[in-house]
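Step one of this worksheet: look at the structure below.
Values below: all heavy atoms of this structure, side chains included; hydrogens, waters and symmetry mates excluded. Chain letters run A, B, ... following the sequence lines, proteins first, then strands; residues in each count from 1.
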Amino acid sequence: MTDYKKTLNLPQTSFAMKANLAQREPEFVKRWQKEGIYEKIRNSRAGREKFILHDGPPYANGDIHLGHAVNKILKDIIVKSKTLSGYDSPYVPGWDCHGLPIEHRVEKKIGKAGVKVDFKAFRQQCRDYAAKQVEGQKKDFIRLGVLGEWNNPYLTMDKQYEADIIRALGKIIENGHLQKGFKPVYWSVVGGSALAEAEVEYQDKTSFSIDVKFAVVDQSALKAVFGAEQTSETAYVVIWTTTPWTLPANQAVSLNAELDYALVVAGDESYVLAEALVESVMQRSNIEDYRIVGRAKGSDLEHLKLQHPFYNRQVPVILGDHVTTDAGTGCVHTAPDHGGEDFAVSQKYGIETLNYLDDSGIYRANVEIFAGEHVYKVDEKVIDVLKEHNALLCEGKIVHSFPHCWRTKTPLIFRATPQWFVSLTKNNLQSKVMNCIDDVQWIPGWGKARIESMLANSPDWCISRQRTWGAPIALFVHKETQELHPKTPELIEEVAKLVEKDGMDAWFDLEPSALLGDEANDYQKVTDTLDVWFDSGVSHYAVVSRRENLSFPADLYLEGSDQHRGWFQSSLKTSLAINEAPPYKAVLTHGFLVDSNGHKLSKSGDNAIPPQEVLQELGADVLRLWVCATDFSGEMSASKEILKRTADSYRRIRNTARFLLSNIPDFDPAKDLLSTDQLLSLDAWAVARTAQLQTELRKDYDSYQLHLLYQKLHNFCSVELGGFYLDIIKDRLYTTAADSLARRSAQTAVYWIVEALVRWIAPVLSFTAEEIWAALPAVENRDDTVFTAEWLELPQIDADMSYWKTISNVKTAVNKVLEEERNAGVVGGGLTASVTLYAEGEIFEAINKLEEELRFVLITSAASILPLSEAANNAKDTDIKGLKVLVSKASGEKCVRCYHVLEDVGSNSEHPEICPRCITNIDGQGEVRKFA
RNA sequence: ACCCUAUUAGCUCAGUGGUAGAGCACCGUCUUGAUAAGGCGUAGGUCCGUGGAUCGUUCCCACGAUAGGGUACCA
């Protein structure tokens with residue numbers, strides 16, 4: 001037997017079938033860094049329109065988890081797709097470096113600042129620690145294939161950045177939005193600092209629930225108000241509280257002016273309670289025998305004097321709207337030190353705070369009975385004292401959600417302290433912020449409602465912290481008047497210059513006289529630090545506006561939906577306060593990760609998926625493909641199984657590319673590329689379909705509908721290419737002469753497809769795309785990376801799309817009959833079969849058009865079309881109306897070269913084993929194909 | 001407690017007021033010239049539940065379940 005195999009053009013490529021991503025990817029990473037791919041991209045886009053995706057800085061602590069990976073991959077996909085669209089889209093990654101968690105880590109290592117180690121050394125340790133964390137995370141992000149300015153990221157602890165934080169504060173002051181305030185704020189007793197709303201999270205907590213009696217000083221006056229008889233019972237106003245520890249600071253009891261209050265007699269005591277709550281209070285106090293002896297409005301009781309339950313102190317009854325009958329007694333224990341509403345209502349009555357607690361939650365020495373006690377542990381003692389004083393009506397426990405510090409996870413208290421605020425009311429900041437929401441595109445749309453409702457009832461933003469590892473509130477206040485220095489803007493700039501040079505220690509080390517001269521004695525240096533949300537919130541100022549290659553406002557912020565309350569909000573507020581404009585044109589959010597049961601993905605539990613493991617087992621491209629395939633507008637489910645499925649579809653895409661590449665090893669586009677009018681009909685269709693799909697995919701990239709893009713891409717590879725086009729053209733690619741028109745036409749289409757495909761997948765399957773890119777046929781001026789490329793300009797072809805759609809349907813119909821006959825044992829593979837089609841009308845015309853080439857489309861050894869009226873009795877019906885198919889075993893010998901079974905195999909004695917078509921392809925002119 | 005979002009085949013996702021779609025996976029089969037591949041075919045769903053409006057609904061409305069998120073909670 002002659003070895004005709006050598007005369008075939010079988011697929012041939014060095015592009016490996018096995019991806020081996022875990023090994024291969026790091027090599028690409030190395031190469032990209034060595035060759036400065038990111039810089040090359042920048043050069044290639046110099047002068048182009050910008051698209052700025054501004055990176056939200058992750059906190060520089062701990063290894064990256066899957067959520068980080070998702071976020072960075074999404075950003076990278078978008079930046080790369082914009083680059084393919086021709087934009088100059090620089091990406092500057094950032095890190096959030098100041099703040100409590102790092103401080104805690106360092107404290108554990110070397111002890112508390114100011115106690116075991118001095119502040120400066122402590123800050124240096126924090127700085128070193130953060131820098132180390134940044135390096136670790138950076139390595140992982142780079143490994144994911146994320147391209148960016150990794151050698152020049154922004155860190156909120158950079159000297160430049162720290163200086164700009166101070167300058168940003170200066171701008172906010174100049175625009176009149178800063179306010180010094182003394183009011184209760186969330187206070188972390190573990191952290192020893194104030195917190196902002198955004199740092200609070202609610203968790204369930206078991207608290208005491210007690211009803212406490214406040215004896216009325218003037219018993220007869222009270223009874224008169226209630227119109228009750230002057231009897232011997234002692235009257236008490238009863239309050240309910242879940243925070244016994246706040247009772248030492250009680251300064252008043254609040255009633256609602258409009259509510260009806262009842263005087264209830266039980267035994268030898270009587271109680272003032274909101275009438276609506278009498279029953280519930282009596283019930284929980286186990287008092288069955290009681291009667292209401294009088295009624296009064298809250299307003300009638302104003303200024304009534306009460307005896308504090310255990311201190312020698314008289315407190316007044318005051319009125320406030322915050323008192324309701326939802327719970328409690330209708331009489332509210334009021335401690336202006338420890339409650340926002342308490343503070344507000346107390347101010348109206350001129351009641352001052354007491355400041356009984358120190359920063360770590362311990363009662364000061366001057367507090368009777370409780371000096372030295374910690375608030376977390378004092379509740380029981382307070383209750384004992386109440387009992388001793390016969391002031392406890394009822395005692396129980398309650399589970400309720402309660403504010404906790406989201407960093408230390410400890411319960412918070414409210415504590416009135418002097419703090420700095422960005423006021424939402426001064427200079428209409430609130431309305432400015434609200435008004436600009438419409439100017440921003442929120443994706444998905446509900447993001448807008450979210451941010452709106454959040455901002456609508458957002459209180460003044462407490463930006464001061466009493467911590468060590470934070471940017472300083474670099475201000476001088478007058479010792480007497482507490483007013484800011486009149487030259488604050490100038491001073492701020494001077495401080496900023498110093499900080500720019502030496503970092504924020506420049507402020508902490510600063511001798512006031514160096515800047516203030518003789519005035520130094522009158523002024524006090526503020527030692528508070530800034531909320532870290534302020535740090536990251538001014539990145540639009542310190543990075544986007546500051547860096548030359550970026551421009552304000554950013555086109556896109558892209559973070560998890562939790563950042564509505566975090567970074568989106570803090571950035572919006574500071575930007576309005578500084579620039580009177582929003583920092584972003586659009587805000588895109590993604591959901592959180594859940595497992596396949598829809599449960600939250602933990603960082604360490606059973607369903608944890610460390611990205612490092614995924615990289616090791618499946619590779620970054622598989623992870624990236626999963627990100628792309630998942631609809632990120634809601635929760636994103638991840639599991640081992642889902643990732644495995646993703647790996648399957650990765651292989652399909654990879655193999656499609658490989659097959660395309662393997663069929664053009666001898667194709668030189670400069671010489672062999674056919675013009676569109678030379679293409680066979682089917683090949684023209686393939687190119688046109690590719691162009692059509694490219695339009696759709698670009699639209700999906702632009703609207704960030706990556707999961708739709710994934711579906712389309714995958715379908716294209718499986719259905720249109722694998723199941724139809726590529727399957728059909730194999731015969732032509734393999735058997736016709738290497739340089740024949742028939743083959744070059746197919747190769748031209750294949751070439752266009754792979755050139756387009758490599759670009760489509762580049763933003764997502766970055767490593768694989770780069771690998772494909774290297775395997776593409778050489779063309780002049782081809783860059784050595786796919787990432788500087790733009791979308792492929794495909795030739796415009798006016799192909800008859802519906803015609804080939806019809807043919808494809810016919811092929812499917814024929815396949816079904818073939819399968820039936822295969823199962824019946826009549827035929828084996830397609831090439832062992834001969835088919836006769838019977839049709840009429842348009843279908844007949846369509847099929848008939850293919851003439852002798854019908855068999856190549858159907859991939860059978862013989863195929864013919866006859867009018868439906870001539871249909872044989874045993875022809876089978878198909879899904880297509882008016883189409884019948886008769887399948888029979890192909891007769892003749894199998895051509896050892898093209899595998900078709902034909903009668904005329906061996907008709908040439910020189911080539912007894914092959915068919916005439918093959919003979920002409922080897923020795924003669926080569927066969928002519930017109931359609932497929 | 002309130003608000004938002006999601007719930008369609010084992011998985012990922014489309015979709016429509018008129019008897020449910022794709023790809024993958026599964027299973028069967030062919031192929032062995034994409035071979036740790038590829039082709040073909042079969043099978044898979046009370047479209048979360050209940051009630052309502054409608055001639056009719058998976059799609060509209062109400063209530064509820066599950067999941068996720070958000071506001072509130074501070075007396």
Touch class at under 4.0 angstrom, heavy-atom based, for A/Ser637 against every strand present: sugar-phosphate

Rounded distance in Å between the C1' positions of B/A9 and B/G23: 12 Å

Out of B/U71, B/C13, B/C11, whichever nucleotide has its closest atom nearest the side chain of A/Thr630: B/C13

Salt bridge A/Arg645-A/Glu641, side-chain N to carboxylate O under 4.0 Å: yes

Pair A/His333, A/Thr246: side-chain N/O donor-acceptor within cut-off below 3.5 Å: yes

Distance, rounded to the nearest Å, where A/Lys894 contributes NZ and B/G33 contributes C1': 10 Å

Nearest-angstrom distance, C1' atom, B/G41 to B/U31: 14 Å

Residue whose closest nucleotide on RNA chain B lies nearer the 5' end, A/Trp240 versus A/His714: A/His714

Under 3.5 Å side-chain donor-acceptor pair for A/Asp666 and A/Gln747: yes

Rounded distance in Å - CD1 (A/Ile642) to C1' (B/C13): 12 Å

Whole-Å gap separating C1' (B/G70) and NZ (A/Lys600): 13 Å

Residue-phosphate contact under 4.0 Å: A/Lys644 side-chain N/O, B/A25 OP1/OP2: no

Find every protein N or O atom lying less than 3.5 Å from an N or O atom of nucleotides 4-8 of chain B, and list the pairs.
none

Sugar-phosphate, base or nothing in reach of A/Ser649, heavy atoms under 4.0 Å: nothing

Carboxylate-amine/guanidinium proximity below 4.0 Å for A/Glu819 and A/Arg822: yes

N/O to N/O distances under 3.5 Å, protein versus nucleotides 34-43 of chain B:
unit_1 : atom_1 : unit_2   : atom_2 : d
B/A34  : OP2    : A/Tyr734 : OH     : 2.9
B/A34  : N7     : A/Lys730 : NZ     : 3.2
B/U35  : OP1    : A/Arg658 : NH1    : 2.5
B/G38  : O2'    : A/Lys730 : NZ     : 3.3
B/G39  : OP1    : A/Arg652 : NH1    : 3.4
B/G39  : OP1    : A/Arg652 : NH2    : 2.8
B/G39  : OP2    : A/Arg652 : NH1    : 3.4
B/G39  : O2'    : A/Asp727 : OD2    : 3.4
B/C40  : OP1    : A/Gly723 : O      : 3.2
B/C40  : O2'    : A/Glu819 : OE1    : 3.3
B/C40  : O2     : A/Glu819 : OE1    : 3.1

Touch class at under 4.0 angstrom, heavy-atom based, for A/Ile239 against every strand present: nothing

Per A/Asp648 side chain, nearest of listed nucleotides B/C13, B/A25, B/G68: B/A25

Closest to side chain of A/Gln711, choosing from B/G68, B/A22, B/U71: B/A22

Inter-nucleotide C1' distance (B/G45, B/G33), Å rounded: 40 Å

For B/G70, glycosidic torsion class - syn if within 90° of 0, otherwise anti: anti

Nearest-Å distance once atom C1' is located in both B/C47 and B/G15: 10 Å

Atom pair distance, as rounded to whole Å: CD in A/Gln569 and P in B/U71: 9 Å

Whole angstrom value for the distance that separates P of B/U12 from CD1 of A/Ile653: 17 Å

Sugar-phosphate only, base, or nothing, as touched by A/Arg654 at under 4.0 Å among non-hydrogen atoms: nothing

Electrostatic pair A/Asp731-A/Arg917, nearest N-O below 4.0 angstrom: yes

Nearest-Å distance once atom P is located in both B/U19 and B/U12: 28 Å

Between B/C13 and B/U7 - P atom distance, rounded Å: 10 Å

Side-chain N or O of A/Lys5 closer than 4.0 Å to phosphate OP1/OP2 of B/G33: yes

Backbone N/O of A/Ser633 and side chain of A/His590: donor-acceptor pair under 3.5 Å: no

Length of the line joining A/Ile729:CD1 and B/G33:P, which is rounded to integer Å: 18 Å

Donor-acceptor contact present, side-chain A/Thr334 to main-chain A/Val332, <3.5 Å: yes

Distance test, side-chain N/O of A/Tyr710 to OP1/OP2 of B/C13, below 4.0 Å: no

Flag, side chain of A/Thr241 to backbone of A/Thr243, donor-acceptor distance under 3.5 Å: yes

Sugar-phosphate, base or nothing in reach of A/Thr243, heavy atoms under 4.0 Å: sugar-phosphate

Donor-acceptor contact below 3.5 Å, side chain A/Arg24 vs main chain A/Ala19: yes

Backbone N/O of A/Leu247 and side chain of A/His308: donor-acceptor pair under 3.5 Å: yes

Mutual orientation of the aromatic rings belonging to A/Tyr710 and A/His714 [parallel < 30°, tilted 30-60°, perpendicular > 60°]: parallel

Integer-rounded Å distance: B/A14 P and A/Leu706 CG: 12 Å

Electrostatic pair A/Asp562-A/Arg565, nearest N-O below 4.0 angstrom: no

Atom-to-atom span, CG of A/Leu625 to C1' of B/G23 - whole angstrom: 13 Å

Side-chain (A/Ser861) to main-chain (A/Leu831) donor-acceptor, under 3.5 angstrom: yes

Span that lies between the P atom of B/U66 and that of B/A43, in whole angstrom: 37 Å

Stem segments of RNA chain B by first residue number [Watson-Crick or G-U, under 3.5 Å, at least 3]: B:1-7 with B:65-71, B:10-13 with B:21-24, B:27-30 with B:38-41, B:48-52 with B:60-64

For the student: nearest non-hydrogen atoms of A/Ile451 and A/His564, plus distance: CD1-O, 3.4 Å

Rounded C1' spacing from B/G52 to B/G10 in Å: 34 Å

